[in-house]
K.L.:
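Have a look at this one before I ask anything.
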Amino acid sequence: MEQYVVKGGVPLRGEVSIGGAKNAALGILAAAIMTDETVTIENVPNVRDTRVLLQAIEGIGAKVKYIYNNTVQINGGSISDLNVEYEYIRKIRASYYLLGALLGKYKESNVALPGGCNIGSRPIDQHLKGFKALGAKVNIDHGVVSAKAENLVGGHIYFDVVTVGATINLMMASCMAEGETILENAAKEPHIVDVANFLNAMGANIKGAGTDVIRIKGVNRLHGCTYSIIPDQIEAGTFMMAAAATRGDIVIKDVIPKHLESITAKLLEMGCKLVEGDDWIRVIAEGEVGSTNVKTLPYPGFPTDMQPQIAVALALAKGSSMVTESIFENRFKYVDELNRMGAKIKVEGNTAYIEGVEKFTSAQLSAPDLRAGAALVIAALAADGISQIDDIEYIQRGYEDFEGKLSALGAIIAKVDSERELQKFKLKIG
Ligand SMILES: CC(=O)N[C@H]1[C@@H](OP(=O)(O)OP(=O)(O)OC[C@H]2O[C@@H](n3ccc(=O)[nH]c3=O)[C@H](O)[C@@H]2O)O[C@H](CO)[C@@H](O)[C@@H]1O
Ligand SMILES: C=C(OP(=O)(O)O)C(=O)O
């Protein structure tokens, strides 16, 4: 099994380029099947989740072609099957987007209940409520969700919780429905806007994405287009926290600084220096880093997908901090691992109480999920000694060439796949 080996204690320095947003890509790749024409999508992050979704898309008969590493062409004209295999679905959360995309295009879809990171109970009742409001009959049988309609008709849908997944799914399901659909209490994340922009580039008529009321006027058909995915807010934020935790100085390139405001606000409160350009941010954390309090919230609040990473930086900051998780109930699984490295963190309910310590010591670690895994890599980069991190397939779900990008910033890190490779790396780094 692959693992990361990290020799910590090196402040990260240099420049890193951020890839396309995983959570936008997953919506966009699924939406691309909604036309029979060819769609070219650029800046697709080459991560495990996008690869699995593309396999699922091929599995139903669509044509998928990698033009080069981060550009993909999809043609949904040859789709022959409206059943998405469990084999793909259990591995990723965003498989549920094929429900909305197939239902919107063919008025029928059958998709196994989604997987994804085990960070909470993650129901999909709001997705299903939305499909029903458009006139679909929805059934769940043996773990497979089936949605079918004679005709989809626009409806008025009020989401009881702010949900990224249901907002994107309903934009897809309704964009070829008869008449107008109104989504109220919609999520406002940058990737919602990106998926809406993509659907509009294919000929949809979606207005208001990025606000909490989205209006979708149904169109008869969608057409092909070329589209480039926005930069990944969470990948960028992860490197920003790695700079803070290792007391480094990093320029994070190819980002949209506006999408990072909740993260930069916290780094400023922690005493880091920030310099910003049109599409880059420099994080300078060479002096003392201080404490702050964080509460995760839907956008424009602080993202839950950044909660473990900032907790690591705060666990190495001077003073006491509180981190409150308000989106998912099971997102503190990394805390025991950090405490084994010398962190002082106590979790009570949905809040982690953190007493900053000066140093972590290295440990044998296991990634419990994607972002917690990335956070443990940051912890290892900041720790004295050599750490090993297992279960890195979680991390590979969302970070393209994580080890390569960190190495380019001076980190001593390798991905190894055997005891022999591990010993070889240890010998090399001394
Ligand atoms: C593939 C993808 O884009 N994943 C992201 C997406 O997940 P995901 O789309 O699963 O998250 P949601 O925004 O839907 O979930 C937000 C909250 O709503 C609840 N809920 C959601 C749907 C529903 O039908 N019923 C319900 O109660 C969830 O349990 C959670 O408490 O947004 C999350 C919140 O920003 C991120 O952490 C994930 O990285
Ligand atoms: C939780 C995440 O992904 P998913 O919703 O796909 O599990 C994430 O990207 O942090």
Side-chain angles (χ1 to χ4, degrees), residues 19-31 45 47-53 88-100 113-133 138 140 145 157-172 183 185-195 212 229-230 232-238 259 262 296-310 325-331 333-334 350 367-375 393-400:
K22 172 195 80 129
N23 287 345
L26 294 168
I28 287 171
L29 294 173
V47 294
R48 195 175 279 250
D49 269 29
T50 54
R51 289 194 297 268
V52 172
L53 183 61
Y88 304 118
I89 286 349
R90 67 188 171 84
K91 295 186 190 155
I92 57 170
R93 183 90 203 137
S95 48
Y96 56 33
Y97 290 143
L98 290 173
L99 263 176
L113 282 163
C117 278
N118 180 8
I119 51 180
S121 62
R122 314 194 76 176
I124 59 163
D125 56 300
Q126 299 301 306
H127 305 233
L128 306 186
K129 165 177 137 170
F131 298 151
K132 286 180 194 162
V138 178
I140 302 184
V145 187
I157 297 155
Y158 176 84
F159 293 119
D160 300 325
V161 289
V162 178
T163 146
V164 168
T167 303
I168 291 181
N169 237 340
L170 265 300
M171 287 195 308
M172 295 195 286
L183 306 180
N185 198 25
K188 297 183 279 208
E189 270 67 5
H191 38 290
I192 305 280
V193 180
D194 210 32
V195 177
D212 50 19
I229 293 172
I230 54 165
D232 197 309
Q233 172 203 27
I234 307 301
E235 188 195 12
T238 301
H259 294 168
S262 61
T296 64
L297 286 171
Y299 190 83
F302 190 88
T304 172
D305 292 351
M306 280 300 301
Q307 181 260 101
Q309 304 90 314
I310 195 167
E325 172 57 58
S326 65
I327 312 285
F328 292 112
E329 69 272 16
N330 203 5
R331 249 190 154 164
K333 285 188 289 184
Y334 59 92
N350 67 345
D369 60 60
L370 163 57
R371 306 304 170 183
E393 64 276 8
Y394 287 116
I395 302 172
Q396 293 164 342
R397 285 191 45 215
Y399 294 89
E400 181 173 338

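Throughout, residue positions are numbered sequentially from 1 according to the sequence presented. When a ligand or atom number is given, it counts from 1 through the structure's own listing order.
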K.L.:
Look at ligand 2 and say whether Ile92 reaches it with a heavy atom at a distance under 4.0 Å.
P.N.:
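The answer is no, since Ile92 has no heavy atom less than 4.0 Å from ligand 2.
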
K.L.:
What residues form a salt bridge (Lys or Arg N to Asp or Glu O under 4.0 Å) with Lys129, not counting sequence neighbours?
P.N.:
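Counting only residues at least two positions away or on another chain, Lys129 forms a salt bridge (Lys or Arg N to Asp or Glu O under 4.0 Å) with Asp160.
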
K.L.:
Hey, what's the ring geometry for His259 with Tyr299, parallel, tilted or perpendicular (30° and 60° as the breaks)?
P.N.:
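Perpendicular.
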
K.L.:
Going through the checks in order, is the side chain to side chain contact (heavy atoms under 4.5 Å, CB included) test met by Phe302 and Leu297?
P.N.:
CA-CA 5 Å; Phe302 190 88; Leu297 286 171; 6.0 Å; no

K.L.:
For Arg331 and ligand 2, answer yes if some heavy atom of the residue is under 4.0 Å from a ligand atom, otherwise no.
P.N.:
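It does; at least one heavy atom falls under 4.0 Å.
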
K.L.:
Below a 4.0 angstrom heavy-atom separation, can you tell me which part of Leu26, side chain or backbone, both or neither, approaches ligand 2?
P.N.:
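It is neither part, as no heavy atom is under 4.0 Å.
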
K.L.:
What's the verdict on side chain to side chain contact (heavy atoms under 4.5 Å, CB included) for Met172 and Leu98, showing C-alpha distance, side-chain angles and the deciding distance?
P.N.:
CA-CA 9 Å; Met172 295 195 286; Leu98 290 173; over 6 Å; no

K.L.:
Could you tell me whether Arg93 and ligand 2 have an N or O pair separated by under 3.5 Å?
P.N.:
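Among all N and O atoms of Arg93, none is under 3.5 Å from an N or O of ligand 2.
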
K.L.:
Check each heavy atom of Arg122 against ligand 2 and say whether those closer than 4.0 Å belong to the side chain, the backbone, both or neither.
P.N.:
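Under 4.0 Å from ligand 2, Arg122 contributes side-chain atoms alone.
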
K.L.:
Below 4.0 angstrom from a heavy atom of Arg397, which ligand 2 atoms are there? Numbered from 1 as shown, please.
P.N.:
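Those of ligand 2 that fall under 4.0 Å from Arg397 are 3 (O), 4 (P), 6 (O), 7 (O).
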
K.L.:
Using the test salt bridge (Lys or Arg N to Asp or Glu O under 4.0 Å), find all partners of Glu235 that sit at least two apart in sequence or belong to another chain.
P.N.:
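In terms of salt bridge (Lys or Arg N to Asp or Glu O under 4.0 Å), with neighbours along the sequence ignored, Glu235 is linked to Lys405.
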
K.L.:
State, yes or no, whether a side-chain contact exists between Arg397 and Ile395 at a heavy-atom distance under 4.5 Å.
P.N.:
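A side-chain contact under 4.5 Å is absent here.
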
K.L.:
Going by the atom numbers of ligand 2, which of them fall below 4.0 Å from some non-hydrogen atom of Arg371?
P.N.:
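Atoms satisfying the 4.0 Å criterion: 8 (C), 9 (O), 10 (O).
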
K.L.:
Answer yes if the side chains of His191 and Asn23 hold a donor-acceptor pair under 3.5 Å, and no otherwise.
P.N.:
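On atom types as modelled, these side chains do not qualify, holding no pair under 3.5 Å.
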
K.L.:
Heavy-atom distances under 4.0 Å decide this one: backbone, side chain, both or neither, for Ile119 against ligand 2?
P.N.:
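Just the side chain.
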
K.L.:
Does the Asn185 side chain pair with the main chain of Phe159, one donor and one acceptor, at a distance under 3.5 Å?
P.N.:
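It does hold such a pair.
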
K.L.:
Taking only residues two or more places apart in sequence or in another chain, which ones pass salt bridge (Lys or Arg N to Asp or Glu O under 4.0 Å) with Asp305?
P.N.:
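Once residues adjacent in sequence are excluded, the partners of Asp305 under the salt bridge (Lys or Arg N to Asp or Glu O under 4.0 Å) criterion are Arg331.
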
K.L.:
Quick check for you: to the nearest 0.5 Å, what is the distance between Leu170 atom CG and Gln126 atom CD?
P.N.:
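With rounding to 0.5 Å, CG (Leu170) is 9.5 Å from CD (Gln126).
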
K.L.:
Counting from 1, what ligand 2 atoms have a heavy atom of Leu370 closer than 4.0 Å?
P.N.:
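Answer, ordered by atom number: 8 (C), 9 (O), 10 (O).
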
K.L.:
Using heavy atoms and a cut-off under 4.0 Å, could you grab the residues that are in contact with ligand 1, chain by chain, numbers ascending?
P.N.:
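Only Asn23, Arg93, Tyr96, Arg122, Pro123, Ile124, Asp125, Gln126, His127, Val161, Val162, Thr163, Val164, Gly165, Thr304, Asp305, Ile327, Phe328, Arg331 have heavy atoms that fall under 4.0 Å of ligand 1, ordered by chain and number.
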
